[in-house]
2 protein chains.
Amino acid sequence: MATIKDVAARAGVSLGTASRVLSGSSQTSPDSRSRVLAAAAELQYVANGPARALRRARTDVLGLLLPDIRNPFFSELAHAAEQEARRLGYTVLLANADEDRDQEAAYLRTFASQRIDGLLLAPQQGGSPELESLHASGLPLVLVDRAVRGLDAPLLSTDNAQGVAQALAWLQAGGHRDVAFVGGPAAISTGVERRDAYLAGRAAHGISTDDALVDAGDFQLGSGTDAMLRILDRGVRPTAVFGADGLMTAGAMRALRQRLGDEARAVEVVSFDDLDWFDLRSPGISAVVNDAAEIGRLGVAALADVIAGRPVASQRIATTFVDRRPAGGTA
Amino acid sequence: MATIKDVAARAGVSLGTASRVLSGSSQTSPDSRSRVLAAAAELQYVANGPARALRRARTDVLGLLLPDIRNPFFSELAHAAEQEARRLGYTVLLANADEDRDQEAAYLRTFASQRIDGLLLAPQQGGSPELESLHASGLPLVLVDRAVRGLDAPLLSTDNAQGVAQALAWLQAGGHRDVAFVGGPAAISTGVERRDAYLAGRAAHGISTDDALVDAGDFQLGSGTDAMLRILDRGVRPTAVFGADGLMTAGAMRALRQRLGDEARAVEVVSFDDLDWFDLRSPGISAVVNDAAEIGRLGVAALADVIAGRPVASQRIATTFVDRRPAGGTA
DNA sequence: TTTCCACATGGAAACGTTTCCACGGATGTG
DNA sequence: CACATCCGTGGAAACGTTTCCATGTGGAAA
């Protein structure tokens, strides 16, 4: 593999000059410039990233650490973040914590060792010593989707209260009293915020406050099934279901079908997060639209600001709502 | 940020000894060992990855370049690949080509510059100069899911012919004659293989050979809708649809609903790729199960073998089939 | 013509590791 | 007791860049 030294030799210039041409950092004569470029092309020169990173003390790499890449919300977020990072000249190192604190900690160590320029993180519950020390070390850090108690970093998150209010209004318009709520983990900020907003708002929207109708999962599909089964097995018979994320809503539908068979279709469904296929089922599934792409984009932009030393504020992203109730309603 | 030099000084040993302790490469006395470890802990020493990579000429990083991370097939593959890589001591650098050749080429350059130890690639159509030269440079390379003409690298892919045969058998059992086929791109090997197997096998399974029933997309959801709309607008009226991947199948269903409304439910659907929610729709969507996780796992294992210089052979992964036709059939 | 400045260049230091080499002391064998 | 061996260590080179500093050459200004 050719080094810059080989390129310099072939071009008949010094190593320093070759570097100046190749990195474009400083003025060079048109003559040496063209000779170096030609030599580099002939030798198929590719700069050695680690060497460059070592010397410049930056890598132009951003870390993106997500809880679950198979969750469409996060894969969409990752996609948008990557596009934006690319636009800003960064490469993204994507890692998947699998909703597991140890794995998150392990990746944080890896990132620290790789000397990434900044980290975009959708954290696990409660932080970790690794996260503390990474932040304490001054690594530019931006949180997305979820907050960490006691960690002072900019956060880009959904306006959960707004989204829940939209869902509640929709439930009320449908005349529902017995609504099953499949919430998220009590240890994750989005779980808490959505649950609290729901519990606080339900009475005002004419919804039963019977807590037998409420259960929770961990934002993964199977847990939504389990939670809904627990609810149904308490003997209640909801006329609508509200899931705190897209995957758990899907899981809850599976539970409904298991217990109620074809009658499951009579139960109206609303989800926090809109998935691709929610319009394909009949009747359609209404949803709070949680703009993952926007969060990813803004997150990377904010991270770039932090890296550049510009001030950055936390931000709530507004939700919209898509009503897929068949004309005529249910009630 | 503390360096190994600081650690050595604090422990009262030479730089070389500190390195030997920290990297565990060579014997050290218990005494210096404990002193170095203590010093490292006190200083919160984190090894500088780029420096290490520069010196050792390896990074312990694998590249994973996928066409579309939002496609559940690939996000599942990525997840499994990452787990396996982690198990083998590698970090994964994940990148998303977005079904775009230029972006793929750009990432290949980035990977080359980062000096990754190996690349797991689900390529775009027809390769690229960047891919050629990367492979020519001796970078360990394993392909997943898709082949590249003229590129001699191990390939782990689905047994597309088998999967199509399973779908054909199912269609025949359902008594279908007019079957719409939404194929993949003619430039991608999986697209070609599935289409060829279907076209070659349909007559023997009692399926119409009218090519008005056949169209193609690009493996993304919207393209499935478009293809299906084209088919329907030719005036044919299929009793079943076969989609060449999960997303396009979903897209085709959207088209059916647009054109046929509630009667769309009478059209039976079978998909190459099983998605999470195919059992939730009624009637259920039958599917060829394409084991993305297995491909990801085996791909990384194969890549590790290539890196270690062990011989590696291409491999076809068998498909299974899940029949979700309601008892009693349709015919 | 002389002085000065700008600018392109060559050489060398520096980034933080790993690893080679040589040395010294302790251990074991004859 | 003498010699060979082994093992842990210190010192230094090397990895491939970027960047600082000094030098020389050109042209512009006086």
Side-chain angles (χ1 to χ4, degrees), chain A residues 1-37 39-40 43-61 89 91 109-117 137, chain B residues 1-37 39-40 43-61 89 91 109-117 137:
Chain A
M1 185 132 276
T3 76
I4 199 173
K5 215 161 157 180
D6 304 323
V7 173
R10 178 160 197 131
V13 301
S14 78
L15 199 161
T17 301
S19 169
R20 278 181 283 258
V21 170
L22 261 11
S23 66
S25 61
S26 170
Q27 289 280 19
T28 50
S29 72
D31 179 49
S32 28
R33 186 176 159 71
S34 63
R35 304 236 307 281
V36 168
L37 258 22
L43 296 174
Q44 303 202 45
Y45 170 73
V46 179
N48 183 312
R52 155 178 293 202
L54 171 60
R55 174 63 227 224
R56 309 198 342 196
R58 38 178 286 221
T59 51
D60 295 330
V61 170
T91 303
R109 281 191 293 269
T110 303
F111 281 151
S113 157
Q114 301 262 336
R115 298 296 198 269
I116 57 172
D117 288 353
S137 80
Chain B
M1 186 130 278
T3 75
I4 200 172
K5 216 162 158 179
D6 304 322
V7 173
R10 180 163 196 128
V13 301
S14 78
L15 199 160
T17 300
S19 169
R20 277 181 284 257
V21 170
L22 261 12
S23 65
S25 62
S26 169
Q27 289 282 15
T28 50
S29 73
D31 179 50
S32 29
R33 186 175 158 70
S34 64
R35 306 236 306 280
V36 168
L37 257 22
L43 296 174
Q44 302 203 45
Y45 171 72
V46 179
N48 184 311
R52 155 177 293 205
L54 172 59
R55 173 61 228 225
R56 306 200 330 184
R58 36 178 287 221
T59 52
D60 295 331
V61 171
T91 303
R109 281 191 293 268
T110 303
F111 281 151
S113 157
Q114 301 261 336
R115 298 294 198 268
I116 58 173
D117 287 353
S137 79

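Throughout, a chain's letter reflects where its sequence line sits, starting with A, and its residues are numbered from 1. Just so you know, these numbers use all the heavy atoms, side chains as well, and skip hydrogens, waters and symmetry mates.
Applying the salt bridge (Lys or Arg N to Asp or Glu O under 4.0 Å) test to residues at least two apart or on different chains, the pairs with a partner in residues 1-29 of chain B are B:R10-B:E42.
Two residues are said to be in side-chain contact when any heavy atoms from C-beta on lie closer than 4.5 Å; B:T91 and B:T59 fail this criterion. Contact annotation: the side chain of B:I4 approaches that of B:L15 to within less than 4.5 Å [non-hydrogen atoms, C-beta and beyond].
Bounding nucleotides for the chain B contact on DNA chain C, 5' to 3', at a heavy-atom distance below 4.0 Å, are C:dG16 to C:dC20.
The side chain to side chain contact (heavy atoms under 4.5 Å, CB included) check on B:A8 picks up B:V13, B:A18, with sequence neighbours excluded. Not a single side chain to side chain donor-acceptor pair (under 3.5 Å) links B:S113 to another residue, sequence neighbours left out. Partners of A:S34 by side chain to side chain contact (heavy atoms under 4.5 Å, CB included), not counting sequence neighbours: none found. A:S19 meets the side chain to side chain donor-acceptor pair (under 3.5 Å) test with no other residue; sequence neighbours excluded. With sequence neighbours excluded, the residues that form a side chain to side chain donor-acceptor pair (under 3.5 Å) with B:S32 are B:S29. Residues that satisfy the side chain to side chain donor-acceptor pair (under 3.5 Å) test with B:R33, not counting sequence neighbours, are absent from this structure.
Comparing B:L54 and B:T28 by the nucleotide of DNA chain D that holds the closest heavy atom to each, the one mapping nearer the 5' end is B:T28. Residues A:R52 and B:S32 both approach DNA chain D. Their nearest nucleotides, taken by heavy-atom distance, put B:S32 toward the 5′ side. Residue whose closest nucleotide on DNA chain C sits further toward the 5' end, between B:N48 and B:T17: B:N48.
The end-to-end axis angle of the helix from C:dT1-D:dA30 to C:dG30-D:dC1, rounded to 10 degrees and based on five pairs per end, is 40°.
Checking side-chain atoms of B:T28 against main-chain N and O of B:V21 turns up no donor-acceptor pair under 3.5 Å.
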Could you go through nucleotides 20-23 of chain D and list every protein N or O atom that sits under 3.5 Å from one of its N or O atoms, giving the distance for each pair?
{"from": "D:dC20", "atom 1": "N4", "to": "A:R20", "atom 2": "NH1", "distance (Å)": "3.1"}

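Residue B:S19 is classed as a base contact, given a heavy-atom separation below 4.0 Å to a base. Residue contacts shown for A:S26 are absent, as no nucleic acid heavy atom lies under 4.0 Å away.
Nearest heavy-atom pair, B:R35 versus B:A11, reported as atom, atom and distance to 0.1 Å: NH2-O, 2.7 Å.
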All N/O donor-acceptor pairs, side-chain side in residues 43-57 of chain A, below 3.5 Å, sequence neighbours left out:
{"from": "A:N48", "atom 1": "OD1", "to": "A:A51", "atom 2": "N", "distance (Å)": "3.0"}
{"from": "A:R56", "atom 1": "NH2", "to": "A:D60", "atom 2": "OD2", "distance (Å)": "3.3"}

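Residue B:S29 places no side-chain N or O under 4.0 Å from the OP1 or OP2 atom of D:dC7.
The stretch residues 2-10 of chain B comes close to DNA chain C through B:T3, B:I4, each having a heavy atom under 4.0 Å from the strand.
The OG1 atom of B:T17 sits 11.5 Å away from atom CG of B:L22, with the distance rounded to the nearest 0.5 Å.
B:D31 places its CG atom 16 Å from the C1' atom of D:dG10, with the value rounded to the nearest Å.
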